[in-house]
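Chain naming here is simple, since letters A, B, ... match the order of the sequence lines and numbering starts at 1 in each.
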Amino acid sequence: MTPRLRFAPSPTGYLHVGGARTALFNWLYARRHGGTFILRIEDTDVQRSSWEMVSGILDGLKWLGIDWDEGPEVNGPHAPYFQSERLERYRTAARDLLAKGLALEDDGAIRFKVPPGQTTFTDSVHGPIAFDNEHIENFVILRSDSHPTYHLSVVVDDIDMQVTHVIRGDDHISNTPKHVLLFHAFGATPPAFAHVPLIMGPDKKRLSKRHGATSVMEYEKQGYLPEALFNFLALLGWGTGSDDEMLSRDELVQRFTLEGISGGNAVFNTGKLDWFNHQYLLRLDDDALIARLRTRLEAAGYWRDALSGADRDWFVKVLGLLKPRAKTLNEFIDQLTPFFVDPDGYDEEGVRKHLSASGMADHLRALRDTYAAADGFTASGLERDLRALAESRGLKAGALIHATRLALTGCMVSPGLFEMLELVGRDRALARMDRLARHLTGAA
RNA sequence: GCCGGUAUCGUCUAGGGGUCAGGACGGGUGGUUCUCAGCCAUCAAACCGGGGUUCGAAUCCCCGUACCGGUACCA
């Protein structure tokens with residue numbers, strides 16, 4: 001029997017990174033063993049569920065590259081995959097149990113009669129786990145409004161859909177005996193269970209909005225690459241048993257085991273995600289990088305078709321300058337600014353530190369004139385000219401460099417000044433130096 | 001409170017009766033240098049505590065402690 005796994009989100013919010021990781025583990029296991037990955041929408045809580053949320057979840061999964069074999073949009077032999085469309089099925093199941101004397105009516109609701117004894121199961125992550133049934137109350141399976149509770153719908157669906165492995169969050173571990181009891185009551189064999197540790201914030205509290213972004217698509221917005229998030233999430237709470245960390249989707253599939261999942265909760269370390277993202281960004285070839293940047297370039301108003309045509313070589317050089325410093329696609333866009341538009345102001349601290357020396361406007365004009373008269377406009381020549389000029393004027397090269405950087409970018413930090421000058425080009429560079437010189441004179 | 005789970009550097013983790021307890025992120029220092037980043041070199045940093053078992057325990061057992069989760073006609 002080939003394994004059948006499922007991810008069963010409740011569409012009461014967007015795809016959370018914790019949910020995404022659960023989906024990821026299920027997907028990894030299914031792909032590793034040639035099984036089936038099912039997506040089932042647990043929308044029995046009609047008030048809190050919406051189509052917008054459903055499509056948000058699908059988008060998040062698709063963006064991460066997690067595809068499903070059965071479920072919304074693709075359907076399958078056990079359709080429908082929305083619990084809201086299976087309500088009658090749950091009612092029948094609850095009445096079945098009632099008829100068999102395994103459940104009882106209570107105030108219009110139906111409760112499962114928990115038998116005496118002990119309920120045990122073997123968790124692939126935690127090992128054997130036992131609960132005394134006396135600690136489990138006769139729990140409701142069908143509400144008085146005839147809607148199923150989570151316990152009922154989950155078990156009925158897992159039976160109907162022939163789910164063989166349930167990989168879910170640790171928070172379900174104490175629900176599991178209830179589910180095991182239900183599987184038995186329905187005459188079914190419970191699936192194998194694997195409860196994965198929860199994702200926490202840096203303060204070891206359950207990850208929530210106050211820790212920062214928790215939605216998968218929020219990371220997309222911030223300029224993270226799906227393959228980076230995928231890799232990072234896969235290794236959160238799971239060890240491959242080796243020192244390798246940069247692992248492709250396929251490598252992750254090949255190495256995935258339930259036993260490698262660790263028992264304790266895992267802190268979501270944004271810094272590590274940044275590192276992964278940077279690594280993946282660095283591995284993108286030029287055209288791929290440009291393609292990934294495209295939408296954002298358009299939004300910023302920087303895009304022109306020549307960037308992938310006549311100006312491609314220039315653009316590739318610019319990107320090369322930014323690669324060591326941009327950790328996200330958004331940072332690329334930020335740092336790309338001086339290559340597309342003139343500075344719209346000057347960093348205040350920079351002005352104080354680097355422009356307050358008297359005569360700076362004059363030095364800047366002198367440099368501007370030198371550059372205007374220079375034969376070529378390449379980094380090495382520009383550097384040589386600047387240093388010579390600084391020396392002739394009794395100025396430290398650094399001082400002139402910093403002032404020129406402010407003129408060119410408006411900022412105190414940027415890639416190497418001379419490389420930037422070369423790529424910004426003579427006309428724009430001279431204009432910006434003029435402008436700062438005028439600005440300084442006007443201010444004085 | 002009760003039930004369940006977990007415990008290795010700050011973080012993610014490897015390992016697991018005898019190891020210099022390994023890697024990565026982050027951090028420190030030095031170098032490269034016009035700033036930042038990067039890069040190179042280098043350093044610091046952990047087996048929750050207490051009892052056992054054993055020639056030997058971080059590893060096995062017990063007891064604590066801490067943390068997390070559950071304790072709904074939420075999922």
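Contact annotation: A:Arg206 does not reach the phosphate of B:rC68 (side-chain N/O to OP1 or OP2, under 4.0 Å).
In the set B:rC36, B:rC25, B:rA75, the nucleotide with an atom closest to the side chain of A:Lys272 is B:rC25. The side chain of A:Glu245 has B:rG23 as its nearest neighbour among B:rC34, B:rG23, B:rG5.
Among the heavy atoms of the strands lying under 4.0 Å from A:Ser144 is at least one base atom, whether or not backbone atoms are also near. Residue contacts shown for A:Glu137 are limited to sugar-phosphate atoms, with no base heavy atom under 4.0 Å away. At a threshold of 4.0 angstrom between heavy atoms, the contacts of A:Asp123 with the nucleic acid are absent. Across all strands shown, A:His147 has no heavy atoms under 4.0 Å from either base or sugar-phosphate atoms. Counting any heavy atom pair closer than 4.0 Å across all strands shown, A:Ala397 reaches no nucleic acid atom. A:Ser153 comes within 4.0 angstrom of nothing in the nucleic acid, heavy atoms only.
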Residues 338-348 of chain A, side-chain donor-acceptor partners within the protein, below 3.5 Å, at least two apart:
residue: A:Asp342; atom: OD1; partner: A:Arg432; partner atom: NE; Å: 2.7
residue: A:Asp342; atom: OD1; partner: A:Arg432; partner atom: NH2; Å: 3.2
residue: A:Asp347; atom: OD1; partner: A:Glu349; partner atom: N; Å: 3.1
residue: A:Asp347; atom: OD1; partner: A:Gly350; partner atom: N; Å: 2.8

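Taking CG of A:Leu97 as the reference point, atom CG of A:Leu104 lies at 10.5 Å (rounded to 0.5 Å).
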Using atom names, set out every protein N or O paired with an N or O of nucleotides 38-46 of chain B below 3.5 Å, distance rounded to 0.1 Å.
none

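The CZ-C1' distance, from A:Arg387 to B:rU33, rounds to 9 Å in whole Å. Protein atom CD1 of A:Ile110 is 12 Å distant from nucleotide atom C1' of B:rC73, rounded to whole Å. Rounded to a whole Å, the NZ atom of A:Lys204 is 13 Å from the P atom of B:rG69. B:rU33 atom P lies 18 Å from atom CG of A:Leu321, rounded to whole Å.
The base-pairing partner of B:rG1, taking Watson-Crick or G-U wobble contacts with both distances under 3.5 Å, is B:rU71.
Here A:Pro226 pairs with A:Trp63, A:Arg292 under the side chain to side chain contact (heavy atoms under 4.5 Å, CB included) rule; sequence neighbours left out.
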